[in-house]
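This is a predicted model, so every value here is computed, not measured.
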Amino acid sequence: MAKAKKKKAGMTVLAWIMLAVMAVGLILSVVGIFTDWITTKGEVLGGLVSGDSSQTLQDLFESQSDFRELDEDYSIKYFDITYTCAWITLIAVAAAFGCFLVGGLLKMKLLKTIGMIAGILAIVAGIMAAVFTALMGKEMSADAGIASATTSLAVGCYLTLIGGIVGGAGAIISGASK
């Protein structure tokens with residue numbers, strides 16, 4: 001008589017590794033959202049006097065809200081889409097992690113599919129957040145001859161981008177493996 005093959009109980013080793021990768025991506029995204037998002041470097045008189053300042057997403061949000069109280073039409077160009085993409089990245093990585101954790105433990109393929117879609121969304125939103133932050137920085141930069149200010153991406157934006165890519169890639173790899 002032929003012996004019946006036993007089905008594997010629980011998640012595979014690759015699934016656990018990818019779940020850990022998604023957890024790292026989630027941690028990077030969370031840290032990135034709450035640390036310095038942009039850095040502004042200013043110079044006066046050709047570098048004779050210079051200074052640096054950094055702002056988090058929350059600082060930018062509060063700044064925009066304060067100015068909107070004075071002028072309803074005020075807007076930091078590209079900030080709204082940057083803010084939205086950053087939070088979508090964080091939520092998508094968290095959703096992918098949660099779906100794969102629950103889906104793997106309960107053997108629910110639908111949750112794995114949803115987690116894979118969330119992983120793709122995390123990658124796209126992370127890239128878009130970085131691109132729109134760069135565009136926002138370009139708009140916020142100025143050069144007035146004797147004084148100039150350059151705004152660029154800070155560590156928080158990079159961490160969110162890396163977290164979205166790492167978490168999303170973990171979800172895609174885990175979802176694509178059998």
Side-chain angles (χ1 to χ4, degrees), residues 8-40 54-65 75-141 151-178:
K8 290 183 181 178
M11 295 173 40
T12 65
V13 173
L14 179 65
W16 283 109
I17 292 171
M18 289 302 112
L19 195 63
V21 167
M22 284 183 266
V24 168
L26 179 59
I27 291 167
L28 289 173
S29 294
V30 169
V31 171
I33 290 280
F34 296 108
T35 56
D36 292 339
W37 194 261
I38 59 170
T39 301
T40 303
S54 298
Q55 290 181 305
T56 64
L57 273 177
Q58 186 62 34
D59 294 338
L60 290 166
F61 181 78
E62 290 171 2
S63 174
Q64 182 161 310
S65 297
S75 177
I76 299 171
K77 197 167 186 177
Y78 299 112
F79 174 72
D80 293 332
I81 189 70
T82 299
Y83 191 76
T84 303
C85 288
W87 280 102
I88 287 173
T89 303
L90 175 64
I91 292 167
V93 173
F97 177 77
C99 285
F100 275 99
L101 181 64
V102 174
L105 293 175
L106 300 178
K107 295 183 182 182
M108 296 177 68
K109 289 189 179 194
L110 177 63
L111 284 179
K112 287 185 177 185
T113 303
I114 293 170
M116 200 167 157
I117 293 168
I120 294 168
L121 180 63
I123 292 171
V124 171
I127 293 169
M128 288 177 55
V131 167
F132 284 117
T133 301
L135 291 172
M136 180 177 66
K138 187 176 177 184
E139 289 292 322
M140 293 174 79
S141 298
T151 303
S152 59
L153 284 66
V155 69
C157 183
Y158 290 118
L159 288 175
T160 302
L161 171 64
I162 293 167
I165 291 171
V166 166
I172 292 169
I173 292 168
S174 184
S177 67
K178 296 212 175 202

Spell out, as yes or no, whether a donor-acceptor pair under 3.5 Å connects the side chain of T89 to the backbone of G126.
yes
Between L57 and A86, which heavy-atom pair has the shortest distance, and what is it?
CD1-CB, 3.6 Å
Distance-minimising heavy-atom pair for A96 and G119
CB-N, 4.0 Å
Test Y78 against E139 for side-chain contact (heavy atoms from CB on, under 4.5 Å), laying out the working first.
CA-CA 9 Å; Y78 299 112; E139 289 292 322; 3.8 Å; yes
Separation between CG of L121 and CE of M116, rounded to the nearest 0.5 Å:
13.5 Å
Spacing of I33 atom CD1 and L28 atom CG [to the nearest 0.5 Å]
12.0 Å
Would you please classify the geometry between the F34 ring and the W87 ring as parallel, tilted or perpendicular, with 30° and 60° separating the classes?
perpendicular
So does D59 get a backbone contact from the side chain of S63, meaning a donor-acceptor N/O pair under 3.5 Å?
no
Heavy atoms only: give me the nearest W37-A129 pair and the separation to one decimal.
CZ2-CB, 4.4 Å
Can any side-chain N or O of S141 pair as donor or acceptor with the backbone N or O of T151 at less than 3.5 Å?
yes
Tightest non-hydrogen contact, residues G167 and V93, listed as CA-CG1, 4.3 Å
Calculate, to the nearest 0.5 Å, the distance between atoms OG and CE belonging to S174 and M22 respectively.
4.5 Å
For A130 and C157, which heavy atoms make the closest approach, and how far apart are they?
CA-SG, 3.7 Å
Before giving the answer on side-chain contact (heavy atoms from CB on, under 4.5 Å), spell out for L153 and Y158 the whole-Å C-alpha distance, their side-chain angles and the decisive distance to 0.1 Å.
CA-CA 7 Å; L153 284 66; Y158 290 118; 3.8 Å; yes
To the nearest 0.5 Å, atom CG of L106 lies from atom NZ of K112 at 10.5 Å
Distance in Å, T12 OG1 paired with I17 CD1, rounded so as to fall on 0.5 Å steps
8.5 Å
Carefully, step by step, assess M136 and I38 under the rule side-chain contact (heavy atoms from CB on, under 4.5 Å).
CA-CA 9 Å; M136 180 177 66; I38 59 170; 4.1 Å; yes
So does I76 get a backbone contact from the side chain of Q64, meaning a donor-acceptor N/O pair under 3.5 Å?
yes
Closest heavy-atom contact between L19 and F97?
O-CE1, 3.5 Å
Side-chain touch L90/V30, heavy atoms, less than 4.5 angstrom
yes
Report the C-alpha distance between F79 and F61 in whole Å, list the side-chain angles of each, state the deciding distance to 0.1 Å, and finish with yes or no for side-chain contact (heavy atoms from CB on, under 4.5 Å).
CA-CA 8 Å; F79 174 72; F61 181 78; 3.9 Å; yes
Can you tell me how far apart CD1 (I91) and CG (L26) are? Round to the nearest 0.5 Å.
11.5 Å
